[in-house]
Amino acid sequence: MLDIQLLRADLAQVADRLATRGIALDTAAFAALETERKTLQTRTQDLQAKRNSLSKQIGMLKGKGEDASAVMAEVAGLGGELKANEEALAQLQERYNAFVAVIPNLPHASVPVGQDEHGNVEVLRWGTPRVFDFPAKDHVEIGEKLGGLDFETAVKISGARFSVMKGGIARLHRALAQFMLDTHTAEHGYTEVYVPYLVNPDSMFGTGQLPKFEEDLFQVPRADGTKLYLIPTAEVPVTNIVRNEIVDLAKLPLKFVCHTPCFRSEAGSYGRDTRGMIRQHQFDKVELVQIVHPEKSWQALEELAGHAEAILQKLELPYRKVALCTGDMGFSAAKTYDLEVWLPAQNTYREISSCSNFEAFQARRMQARFRNEKNKPELVHTLNGSGLAVGRTLVAILENYQRADGSVAIPKALAGYMGGMEALELPR
RNA sequence: GGAGAAGUGGCCGAGUGGUCGAAGGCACGCCCCUGCUAAGGGCGCAUCUGGGCAAAACCUGGAUCGAGGGUUCGAAUCCCUCCUUCUCCGCCA
């Protein structure tokens, strides 16, 4: 959520910056809401003040054993008008909140301006895509020949956009998650956490998935009429650890790493990436989350992206780092770097990690604060990034490490996680 | 699932209809005293938010005692619903 004071004080500038995201802020509507709010709120609070002081008088008179009936008659006359004003104000607040809740974050000054993914700016490339002396196959063909990827069975069990893994590929998938967790905890200073995969609406609001993106989420209705949501990313439960909390200054930064499945309905993506494991309803991801002092968040973003990059480098997977442009960034982000891994079969780089600084946008929705140097509560800054998406990392390894005979070499960094196995071999 | 108890500031904890946004303690901050390792004294110290006001200082309001409703001129206090925690019983990986 944006700072309401900023909207009131500098509406035109906010609108300009949102325009770079392709968002047309209805400034007239906001100004109208604001005017209405001002008069209603002032009127209501005046009435409340009057009622409060008269009621206090009644208390004093009764305390002294004197007659209070005259004052009581006076305050009784306020009732109807006060109630009407309070109700009108509550309704207005609801409209006001609904208006503000769907305004995305403002892009940081360093974010390239652009309309869509074509405006993204490559920051760096690492590694050299391998040149194959045989026709490179895609991960679906590789995995099926190895007997380890089975999409038909997944369709039978659940439907499209699910996968079944077996044998060495299932183990490689598990090994990747373990490897990532171990690296981030041992080398990058993150604390491993385990969290719920079903969360309540307040948590989804806190990180910005609600109210605007409900159609992207899987819902679990409950008998009492409430519902839970399957997490689309560990960002949601992990960041919400600090919702409604005031963290000690000395505890910052909080750095969490968490391996979870992620569930996305992928509404509106029919026909995109239908083949293979690239776009699934369920996939595993190791997520990095940082809760930091506001003055440290931009440095933290660079570090966090570096932590994700370290995984790709250890696995020796060529990748590039891209700064998303204003038009391509997610709702809550002030700035986002995508890491894109080289996929030989697609002959292109594909997103494998997304690292963002949300500044106080999520913290304000969550009321996540710390006690600052003056001992006053102040909003924290939140960041997160994939470190990495496990399924897509598996795809990258299958494709980049494939050999002419259909087997797949195991990256050296994973040796300790694969029981000494050096390659996934074809079944005889 | 059944029975009972409870949720108050950063923490502990008092407060069953009226000068209560809330005693007291701990922690924290500033100051004083003392020179000797530990204490004594004073002051301050919840959050969000409106208006005067464009901003600072300042002034003046409103809301908040788990959440939401209700009763009342007035609710931390009474009533209802929900949530959470604890104890006992049942069930269970």
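Naming: A, B, ... by sequence-line order, numbering from 1 per chain. Every value quoted in this text rests on a predicted model; they were computed, and no experiment measured them.
The distance from atom CG of A:L54 to atom P of B:U19 is 15 Å, rounded to the nearest whole Å. The OH-P distance, from A:Y96 to B:U49, rounds to 12 Å in whole Å. Distance CG (A:N372) to P (B:U47): 10 Å, rounded to an integer number of Å. Note: NZ (A:K62) to P (B:C73) measures 10 Å, nearest angstrom. Rounded to whole angstrom, the span from the CG atom of A:N244 across to the P atom of B:U84 amounts to 16 Å. Here the P atom of nucleotide B:G68 and the CD atom of A:E94 are 13 Å apart, to the nearest Å. Computed from coordinates, the A:L82 CG to B:G61 P distance equals 17 Å when rounded to whole Å. Atom CD in A:Q367 sits roughly 8 Å away from atom P in B:U49 (whole-Å rounding).
Using a 4.5 Å heavy-atom threshold, the side chains of A:I231 and A:T260 count as touching.
With B:C28, B:U19, B:U47 as the choices, the nucleotide that has an atom nearest any side-chain atom of A:P377 turns out to be B:U47. Checking B:G21, B:G51, B:C73 against every side-chain atom of A:K56, the shortest atom distance belongs to B:G21. When each of B:U19, B:G18, B:U49 is scored by its nearest atom to the side-chain atoms of A:I58, the top-ranked nucleotide is B:G18. Candidate nucleotides B:C73, B:U19, B:G10 were compared by shortest atom distance to the side chain of A:I246, and B:G10 ranks first. Relative to the side chain of A:M60, the nucleotides B:G51, B:G18, B:U19 differ in distance, and B:U19 lies closest.
B:A93 and B:C86 have their C1' atoms separated by 24 Å, given to the nearest Å. The same atom, C1', is picked in B:A46 and in B:A76; the two are 15 Å apart, to the nearest Å. Taking atom C1' in both B:A3 and B:G90, the straight-line distance is 11 Å, to the nearest Å. Annotation: B:U16 and B:C28 have their C1' atoms spaced 33 Å apart (nearest Å). The separation of B:U77 from B:A63, taken at their P atoms, amounts to 15 Å, rounded to a whole angstrom. A gap of 7 Å separates the C1' atoms of B:U71 and B:C79, to the nearest Å. B:C78 and B:U60: their C1' atoms are spaced 33 Å apart (whole Å). Separating the C1' atom of B:G70 from that of B:G9 is a span of 27 Å, rounded to the nearest Å.
A:R264 forms no cation-pi arrangement with A:F218, by the criterion of a distance under 6.0 Å to the ring centre and an angle within 45° of the ring axis.
Ring pair A:H188/A:Y190 is perpendicular by interplanar angle, where above 60° counts as perpendicular and below 30° as parallel. Using cut-offs of 30° and 60° on the angle between ring planes, the pair A:F162 and A:H281 is tilted.
Residues A:Q280 and A:S163 bring a donor and an acceptor atom of their side chains to less than 3.5 Å of each other. Checked by atom type, the side-chain pair A:Q219/A:K227 shows a donor-acceptor distance below 3.5 Å.
Remark: A:K166 engages A:D150 in a salt bridge, criterion side-chain N to carboxylate O under 4.0 Å. Under 4.0 Å is where a charged nitrogen must lie from a carboxylate oxygen, and between A:R350 and A:E399 no such pair does.
Between A:M72 and A:R369, it is A:R369 whose nearest contact on RNA chain B lies nearer the 5' terminus. Of the two residues contacting RNA chain B, namely A:A9 and A:V75, the nearest-nucleotide position lying further toward the 5' end is that of A:A9.
Contact between the side-chain N/O atoms of A:R37 and the OP1/OP2 oxygens of B:G51 is found at a separation under 4.0 Å. The side chain of A:K376 contributes an N or O atom lying less than 4.0 Å from OP1 or OP2 of B:U47.
A heavy-atom distance below 4.0 Å to RNA chain B is reached by these residues of residues 44-53 of chain A, ordered by number: A:Q45, A:Q48, A:A49, A:R51, A:N52.
Minimum interatomic distance between A:V100 and A:L2 (heavy atoms only, all atoms of both residues): CG1-O, 4.4 Å.
Side-chain atoms of A:N105 come within 3.5 Å of backbone N or O of A:S332 as a donor-acceptor pair.
Judged as a side-chain hydrogen bond (donor to acceptor under 3.5 Å, both in side chains), and not counting sequence neighbours, the contacts of A:S356 are A:T336.
Stems are defined here as 3 or more consecutive Watson-Crick or G-U wobble pairs with pairing distances under 3.5 Å; those involving RNA chain B are B:1-7 with B:83-89, B:10-12 with B:24-26, B:28-32 with B:40-44, B:46-52 with B:58-64, B:66-70 with B:78-82.
A:Q5 comes within 4.0 angstrom of sugar-phosphate atoms only, judged by non-hydrogen atoms across all strands, and of no base.
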